Amino acid sequence: NTATNWDCGYVPGVGKTARILSGRHARLASGGPFYLSQLFVSGTLQLLDIALNVTSTFVIDTNANVTSSIGILSTSSTVIMDGASVSSTSADINFMGFVTSSGSIGSNTGNILVDGNLTMNAGTLESPPGGTLTLNGDVIMLGTGVFRHNGSSVTLSGSSSASTTLAGYPFYNLTVSKSGGVTLFANDATTVLGALTTSGNHQWNHGINDLTVSGNTTIGSGTNVSSTSGALVFGSDGSDLMDNSGSVSSTSGVIEFNAVLTNNASSYIQTNTGALTFNAALSANNGYIFVNAGTASTTNTFTNGVGAFFDLGSGTVTSTNTFTNEGTITGGTGTFDAQAAYVSVAGTFTNGTSLFKVSGAGDRNLQLANAYRFQNNVTGNGVVTMLKNLTITNTYDSVGANTLNANTFVLDLNGVTNIGLNTVVTSTTGTINFTNTVGNVGKIGTLSGNLLFTNVLTNTGEIHVG
């Protein structure tokens with residue numbers, strides 16, 4: 001910072017232009033902060049314990065080098081890097097304007113902030129191993145541009161819409177913290193190897209591309225993570241956690257939960273014509289799940305909590321593990337296929353014109369109060385045992401080798417009943433009321449309960465009264 005070191009005879013400052021020519025080495029050691037209007041670097045610029053702020057134009061030519069140890073490099077200008085590099089040891093690097101780079105940008109333990117749009121035509125964008133890379137605008141990776149996560153954290157921030165294209169390079173930890181707008185990942189798949197955290201009132205749209213998160217996920221209130229046909233996959237092995245206070249949706253893509261899911265009050269998980277897959281345990285659903293015309297499958301324990309809503313729409317829900325409802329299931333015109341050994345719909349089941357189907361092999365325990373249409377498709381001579389009174393409003397059909405045991409409860413069959421070959425409808429001491437036409441080619445019976453027929457019975461099977 002000595003006047004005699006500059007060709008102009010003084011240390012350039014506010015409103016001035018500085019040029020560091022090829023082969024020259026400029027070292028700013030102390031004092032400051034140091035302000036320039038324009039800075040053109042063709043040689044080497046080294047910042048030590050000083051802050052440099054360029055307010056208008058910052059151009060770093062091919063093979064030039066800008067480094068900082070503990071100084072702060074800050075620009076409120078457009079930065080153009082033509083094959084050059086900007087790096088620091090522990091200093092922060094703040095680009096407050098647009099950055100176009102064919103060089104490399106990186107720091108060791110300092111933070112890097114790009115407040116405007118960042119375009120990498122070539123070179124490398126390095127996320128600081130001991131710091132955070134914050135990107136507030138569009139990010140475009142073109143040509144031979146490379147992004148390295150270095151096991152660190154990246155934050156996408158700001159208040160307006162932004163588009164991110166990283167050419168498939170993965171993040172490690174990713175935070176999307178925006179107060180508005182749409183964050184668009186429209187041109188390539190996004191992979192988060194560590195944790196994903198979102199916050200703020202904004203949309204994060206993946207379009208036709210996939211999002212895969214290997215670690216824990218936190219979706220904040222007001223955030224909508226969505227795709228049109230791209231897959232949204234959360235968690236890797238069932239040991240990860242997902243906490244949703246916002247919304248996760250896809251038009252026709254797959255939404256897959258391999259993380260233990262907590263769906264909080266007022267939060268949404270929704271597909272239109274795609275597929276919801278719950279492979280890990282659902283810790284609690286206290287929000288809303290909409291299947292619409294899509295499908296949903298639960299392969300682990302699933303609890304629809306008090307105050308929660310699970311809407312079948314016109315879709316199909318298949319449960320192959322313990323399913324417990326303490327909230328509300330809205331049937332619509334869809335199908336609920338219970339293949340688990342235990343299904344408890346103790347809460348409210350608003351049937352619509354839906355079909356409740358019990359299928360799979362082996363015995364089943366069923367706690368269900370009402371159904372619109374009911375189908376017993378259990379195979380292998382499996383027995384479906386009722387754990388409470390059951391009213392079936394519309395049709396009852398049994399197909400295959402199975403038994404519906406009313407146990408000690410009341411079974412009201414108010415619609416057309418078809419009891420197929422090798423199937424049984426029975427009770428121990430309970431009452432079975434047939435209030436509509438019955439076609440029986442199987443077996444109807446009770447040990448010591450009551451059988452009541454109040455409409456036409458067509459029987460080519462067996463009827464046993466204990």
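Note that the structure is predicted; figures quoted are calculated from it, not measured. We number each residue from 1, following the sequence as shown.
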Enquirer: State, without any angle test, whether N224 and S247 hold a side-chain donor-acceptor pair at a distance under 3.5 Å.
Expert: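 Yes, S247 and N224 have a side-chain donor paired with an acceptor closer than 3.5 Å.
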
Enquirer: Ignoring hydrogens and angles, state whether a donor on the side chain of T303 or T324 is under 3.5 Å from an acceptor on the partner side chain.
Expert: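 Per modelled atom types, T303 and T324 side chains form no pair under 3.5 Å.
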
Enquirer: Can you tell me if T446 and N450 form a side-chain donor-acceptor pair at under 3.5 Å?
Expert: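 Checked: T446/N450 side chains show no N/O donor-acceptor pair below 3.5 Å.
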
Enquirer: Does one side chain, of T299 or T320, offer a donor that lies under 3.5 Å from an acceptor on the other?
Expert: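 T299 vs T320: no donor-acceptor pair found between side chains.
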
Enquirer: Does either side chain, that of S267 or that of S245, offer a donor lying less than 3.5 Å from an acceptor on the other one?
Expert: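 Per modelled atom types, S267 and S245 side chains form no pair under 3.5 Å.
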
Enquirer: Side chains of Q367 and N365: donor-acceptor distance under 3.5 Å anywhere?
Expert: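 No donor-acceptor contact under 3.5 Å links the two side chains.
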
Enquirer: Judged by atom type as modelled, is there a donor-acceptor pair below 3.5 Å linking the side chain of R373 to the main-chain atoms of F356?
Expert: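 No: the side chain of R373 does not pair with the backbone of F356.
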
Enquirer: Can any side-chain N or O of D412 pair as donor or acceptor with the backbone N or O of N414 at less than 3.5 Å?
Expert: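 Not a single qualifying donor-acceptor pair exists.
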
Enquirer: Check each of T353, N394, T393, T350 against Y372 using the side-chain hydrogen bond (donor to acceptor under 3.5 Å, both in side chains) test, and report the only one that passes.
Expert: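 Answer to the side-chain hydrogen bond (donor to acceptor under 3.5 Å, both in side chains) test with Y372 among T353, N394, T393, T350: N394.
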
Enquirer: Could you measure the distance from the OG1 atom of T431 to the CG atom of L411? Nearest 0.5 Å is fine.
Expert: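 Between atom OG1 of T431 and atom CG of L411 there are 10.0 Å.
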
Enquirer: Start with the C-alpha gap between S319 and T298, add the side-chain angles, then the distance that decides, and say whether side chain to side chain donor-acceptor pair (under 3.5 Å) holds.
Expert: CA-CA 5 Å; S319 175; T298 64; 3.1 Å; yes

Enquirer: Are side-chain N/O atoms of E126 and N150 paired as donor and acceptor at under 3.5 Å?
Expert: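 A pair is found: one side chain offers a donor N or O, the other an acceptor, under 3.5 Å apart.
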
Enquirer: Working to the nearest 0.5 Å, report the span between OG of S427 and CD1 of I432.
Expert: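 It is 4.5 Å, given to the nearest 0.5 Å.
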
Enquirer: Side chains of D243 and N264 only: does a donor on one sit below 3.5 Å from an acceptor on the other?
Expert: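 Distance-only check passes for D243 and N264.
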
Enquirer: Regarding N405 and T426, is there a side-chain donor-to-acceptor distance under 3.5 Å anywhere?
Expert: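 The criterion, which ignores hydrogens and geometry beyond distance, is not satisfied for T426 and N405.
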
Enquirer: Return yes if some donor-acceptor pair links the side-chain N/O of N292 with the main-chain N/O of T271 below 3.5 Å, else return no.
Expert: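 Yes; judged by distance alone, with no hydrogens or angles, the pair exists.
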
Enquirer: Can you say whether the rings of F278 and F302 are parallel (under 30°), tilted (30 to 60°) or perpendicular (over 60°)?
Expert: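 Aromatic pair F278/F302 classed perpendicular.
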
Enquirer: Any donor-acceptor pair under 3.5 Å linking the side-chain atoms of N205 with those of Q203?
Expert: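 Not at all, the side chains of Q203 and N205 share no donor-acceptor pair under 3.5 Å.
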
